[in-house]
Amino acid sequence: MIRGDFHTHTTHCDGKNTPREMAEAALARGMTHLGFSAHSPMAFSETYTLEDVARYYDEVRALQAEYRDRITIYCGIEKDLYSPMDTSAYDYVIGSVHYVIKNGEYLVLDYSKNRLREGVERLFGGDWYTLAEAYFAAVAELGQMQPAIIGHLDLITKYNEGGCLFDETHPRYLAAAKAAIEALIPYGIPFEINTGAIFRGYRTAPYPAPHLLRHIAACGGSAVLSGDVHAADGLELRFDECRALAAACGCPLVDLPKGLE
């Protein structure tokens, strides 16, 4: 049986543990596969640099060889749609959207609720559904990247617990989200069921919302479990509940990202 987590972050980007600490924690849990996925650098930001990613790559490749008889390790990357980085050297890519471009500005969606709210007021006139349409239009473009996983499909809801910012059943929101799903389905890429925001206390349920997971299933798509891990104790967080959620929504799960089967 494959037990894996393929969306993990370490001290080489915004995680709390080193790759070695993550590998040891995965072994202690009885996991069979572990995929590392540092954030790709962005041309407009110095948060993560090519030098950071190079150090990450070298360390994970060394661990991959050292641990090869104990656990299968993959050296992946989480590439934002707007990152110019060449990812051809990596074992797999998670395709994600963390920004929306408006008036030449990159509005970050997952930094803080206050920053997001201020950006929506300033750039979108307070219209959350125009933001949603722009966000999901960008998500729909991820297929062109040919990633192995579609990352946190509805990241725009990170700070929307209980519908405090907008209505996730609003017709405009649903139309935009479903259009993105339908654009991505032909690529055969699994969507992740992602528990990262649960671990960090922003959400009580994983991405994507059940109604979107049901639409993925109705369109013939699949899902893969993902911790979006930023600390070792987040590995495989609530995966049993996620398996039950996928089953209830009729969405088939795959054990490995596309291309690693």
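Hydrophobic clustering (ILVMFWY, side-chain heavy atoms < 4.5 Å, transitive): Y48 and Y82 are in distinct clusters. In terms of hydrophobic clustering, with Ile, Leu, Val, Met, Phe, Trp and Tyr side chains grouped at heavy-atom distances under 4.5 Å, M145 and L153 are assigned to a common cluster. Placement of Y159 and V139 within a single hydrophobic cluster is found when ILVMFWY residues are connected by side-chain heavy-atom separations under 4.5 Å, directly or transitively. Placement of L253 and L245 within a single hydrophobic cluster is found when ILVMFWY residues are connected by side-chain heavy-atom separations under 4.5 Å, directly or transitively. Clustering ILVMFWY residues whenever any of their side-chain heavy atoms sit less than 4.5 angstrom apart, transitively, puts I193 in a cluster other than the one holding I94.
As a member of the Ile/Leu/Val/Met/Phe/Trp/Tyr network built from side-chain separations under 4.5 Å, L50 groups with nothing else and remains a singleton.
Across all non-hydrogen atoms, the minimal contact from P208 to I216 is CG-CD1, 4.3 Å. Taking each heavy atom of H7 and N194 in turn, the nearest pair found is ND1-ND2, 3.9 Å. Nearest heavy atoms, L260 versus D91: CD2-O, 3.7 Å. D5 approaches G234 most closely through the heavy-atom pair OD2-O, 4.4 Å. Nearest heavy atom pair, residue V97 against residue L81, reads CG2-CB, 4.0 Å. Minimum interatomic distance between D52 and T47 (heavy atoms only, all atoms of both residues): OD2-O, 4.0 Å.
Using a cutoff of 4.0 Å between basic side-chain nitrogens and carboxylate oxygens, K16 and E21 are not scored as salt-bridged.
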F6 vs L34, test: side chain to side chain contact (heavy atoms under 4.5 Å, CB included). Steps then yes/no. CA-CA 6 Å; F6 302 96; L34 177 63; over 6 Å; no
Between S96 and H152, does the side chain to side chain contact (heavy atoms under 4.5 Å, CB included) criterion hold? Intermediate values first, please. CA-CA 7 Å; S96 298; H152 37 59; 3.5 Å; yes
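Around the CD atom of E46, the shell of radius 6.0 Å holds no more than 12 heavy atoms that belong to other residues, nucleotides or ligands. Within a 6.0 Å sphere centred on OH of Y111, heavy atoms belonging to other residues, nucleotides or ligands number 12 at most.
Centroid-to-centroid, the aromatic rings of Y173 and F136 come within less than 6.0 Å. Remark: aromatic rings of Y99 and F44 are close, center separation under 6.0 Å.
The aromatic rings of Y56 and Y90 lie parallel to each other, their planes meeting at an angle below 30°, with 60° marking the opposite boundary. F166 and Y129 have perpendicular rings, their planes meeting at more than 60° on a 0 to 90° scale where under 30° would count as parallel. Ring pair H39/H230 is tilted by interplanar angle, where 30° to 60° counts as tilted.
Two residues are said to be in side-chain contact when any heavy atoms from C-beta on lie closer than 4.5 Å; V224 and L256 fail this criterion. A heavy-atom distance below 4.5 Å is not found between the side chains of N17 and T11. Put simply, the side chain of F36 reaches to within 4.5 Å of the side chain of M22, judged on heavy atoms. With contacts defined as side-chain heavy-atom distances shorter than 4.5 Å, the pair S222/F191 does not qualify. Counting heavy atoms from C-beta outward, R243 and D240 have side chains that approach closer than 4.5 Å. Considering only heavy atoms from C-beta on, S45 stays 4.5 Å or farther from Y106 through its side chain. You'll find the side chain of V53 reaches within 4.5 Å of the side chain of I77, heavy atoms only.
Judged by distance alone, the side chain of T195 and the main-chain N or O of L237 form a donor-acceptor pair under 3.5 Å.
Within the cation-pi definition used here (under 6.0 Å to the ring centroid, within 45° of the axis), K102 qualifies as a partner of F124. The cationic group of R200 does not satisfy the cation-pi geometry with Y202, failing either the under 6.0 Å distance to the six-membered ring centre or the 45° limit from the ring axis.
R122 meets the salt bridge (Lys or Arg N to Asp or Glu O under 4.0 Å) test with E105, E118; sequence neighbours excluded.
When only modelled atom types and interatomic distance are considered, T130 and D127 share a side-chain donor-acceptor pair under 3.5 Å.
Screening residues 133-146 for side chain to side chain donor-acceptor pair (under 3.5 Å) gives E133-R172 as the qualifying pairs, with residues at least two apart or on separate chains.
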